[in-house]
There are 2 protein chains.
Amino acid sequence: MKRGLLLYIAEKTGLFSELQTSTTRIAEALSVSQQSVSRLLIDLEKGGMIERKVSSGGLAIALKKKGRDQLQNEFTVLKRLFHPERKLKGKVVDGFGEGKYYIEKYKLKIKEAMGFTPFPGTLNIKTDRIKVKSFLMDVDPIKINGFATSDRSFGSIELYRVNVGGVAGAIIKPERTRHDDNVIEVIADVHLRKKMGLKENNVVELKK
Amino acid sequence: MKRGLLLYIAEKTGLFSELQTSTTRIAEALSVSQQSVSRLLIDLEKGGMIERKVSSGGLAIALKKKGRDQLQNEFTVLKRLFHPERKLKGKVVDGFGEGKYYIEKYKLKIKEAMGFTPFPGTLNIKTDRIKVKSFLMDVDPIKINGFATSDRSFGSIELYRVNVGGVAGAIIKPERTRHDDNVIEVIADVHLRKKMGLKENNVVELKK
DNA sequence: ATTACTAGGCCGCGAGTAG
DNA sequence: TCTACTCGCGGCCTAGTAA
């Protein structure tokens with residue numbers, strides 16, 4: 001609760017200004033009792049987190065350096081955690097030629113969603129499942145819904161825009177993975193492997 | 001405490017991987033009892049924050065989406081708070097000619113610290129104390145220590161590199177403010193007012 | 001070794017109320 | 001009105017211990 005109150009003060013003051021308010025008002029905003037707010041404010045003051053001036057009919061509070069630092073430390077920790085990777089490296093691996101078949105099926109929908117007609121085939125890159133998650137954490141995929149032909153049905157896929165060696169492309173993820181999810185498939189409007197002169201085990205770098 | 005534990009898991013797993021550990025180990029790291037860790041982990045699991053697999057001789061934990069989202073929300077809040085202003089606007093106001101006198105005294109030291117010889121005079125800009133703090137929050141000032149001549153003593157000053165209309169300069173802050181701290185003084189190696197054709201009340205923009 | 005139950009104590013919360 | 005004290009209750013913690 002103490003932390004919540006400190007954050008509330010930080011937000012209301014924009015870190016630096018002074019906030020004219022009352023314990024009742026804060027209590028309502030945070031859904032705690034007026035008494036608790038009073039007590040917690042005193043605690044925060046004792047801890048050197050805030051400055052607190054009581055006057056008849058209300059109080060003025062402001063963050064002190066220690067309080068700002070406390071929050072900034074938390075921010076630093078979270079920033080390190082959530083700072084998404086800007087690059088993703090992996091090695092070229094051979095696919096099973098499946099990609100070509102599937103891309104043909106989704107071709108029109110991909111064109112519609114991404115603005116380019118995909119080359120019929122995927123560049124398969126072996127990397128690390130966890131790195132992939134961290135790399136894609138901050139981007140929302142473009143989803144293409146599944147559909148059915150007279151023969152069979154095709155599941156939904158997700159596309160994430162990426163840049164491969166200067167070419168705009170996308171990571172394509174089937175909703176139901178066909179293989180090991182340490183391998184990702186990349187599409188573009190050109191034959192990436194040929195254009196970039198890639199062979200098995202060559203290192204490729206993806207950017208966002 | 002619950003929050004601390006969630007953060008601990010997030011850090012140890014890098015958000016996505018699985019952590020092999022034991023309640024005792026976590027307890028030591030967080031300075032709480034093994035029993036509390038056990039209970040809190042169960043709570044977090046019930047709340048859908050983590051996944052928890054108990055095996056003989058230890059346990060494996062991983063964050064679930066809800067847990068990551070919780071932390072990311074906190075991150076977003078703090079990010080908004082700590083995202084420093086990139087620009088600072090203010091209006092030109094007249095000084096009292098004092099600046100010229102002082103700059104002369106500190107000239108050599110400023111040259112040494114900043115790499116330019118300051119024009120003898122300051123551009124005084126009226127803005128907002130709080131905006132100034134927010135603008136300067138993420139930069140460390142260059143400090144010039146005070147000194148004394150045979151006549152009198154001069155206090156320490158702090159310099160913050162800024163860009164004014166394309167010119168590299170600095171905000172100069174005396175340790176003991178001579179005037180209203182809603183007014184800041186800017187120096188550069190040219191006569192800013194003349195070079196930029198500024199008159200009283202014109203708006204100026206500072207960048208970092 | 002482990003995890004996690006039970007029991008008991010402490011601490012924080014809110015209701016009542018004084019100033 | 002305001003803040004903040006006292007006090008009783010409940011939830012959270014840890015110690016002991018079973019499995």
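In the text below, chain A, chain B and the rest are named by the order of the sequence lines, each starting its count at 1.
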Carboxylate-amine/guanidinium proximity below 4.0 Å for A:Lys79 and A:Glu74 = no

ask   = Hey, would you say the B:Phe135 and B:Tyr160 ring centroids sit under 6.0 Å apart?
value = no

query = Taking 4.0 angstrom as the limit, do A:Lys208 and A:Glu85 come out as a salt bridge?
reply = no

ask   = To the nearest Å, how far apart are B:Leu44 CG and C:dT3 P?
value = 15 Å

query = Is the shortest distance from a Lys or Arg side-chain nitrogen in B:Lys173 or B:Glu158 to a carboxylate oxygen in the other one below 4.0 Å?
reply = no

request  = Give, ordered by number, those residues of residues 19-35 of chain B having at least one heavy-atom distance below 4.0 Å to an atom of DNA chain D; if nothing qualifies, reply none.
outcome  = B:Val32, B:Ser33, B:Gln35

query = Any ion pair linking A:Glu28 and A:Arg25 (charged N to carboxylate O, less than 4.0 Å)?
reply = no

note = Its 5'-most and 3'-most nucleotides having an atom under 4.0 Å from a non-hydrogen atom of chain A, DNA chain D is contacted over D:dC2 to D:dC5

ask   = For the atom pair CG (B:Leu59) and NZ (B:Lys53), what is the distance rounded to the nearest 0.5 Å?
value = 11.0 Å

inquiry  = Check A:Asp69 with A:Lys64, please: is the shortest side-chain N to carboxylate O separation under 4.0 Å?
reply    = no

query = Can you check the A:Asp43 CG to C:dC13 P distance for me, whole Å?
reply = 9 Å

inquiry  = Tell me the interatomic distance from B:Leu41, atom CG, to C:dA4, atom C1', rounded to whole angstroms.
reply    = 11 Å

inquiry  = Tell me whether the side-chain N/O atoms of A:Arg39 come closer than 4.0 Å to OP1 or OP2 in C:dC11.
reply    = no

inquiry  = Please determine whether a side-chain nitrogen of the Lys or Arg among B:Arg193 and B:Asp94 lies less than 4.0 Å from a carboxylate oxygen of the Asp or Glu.
reply    = yes

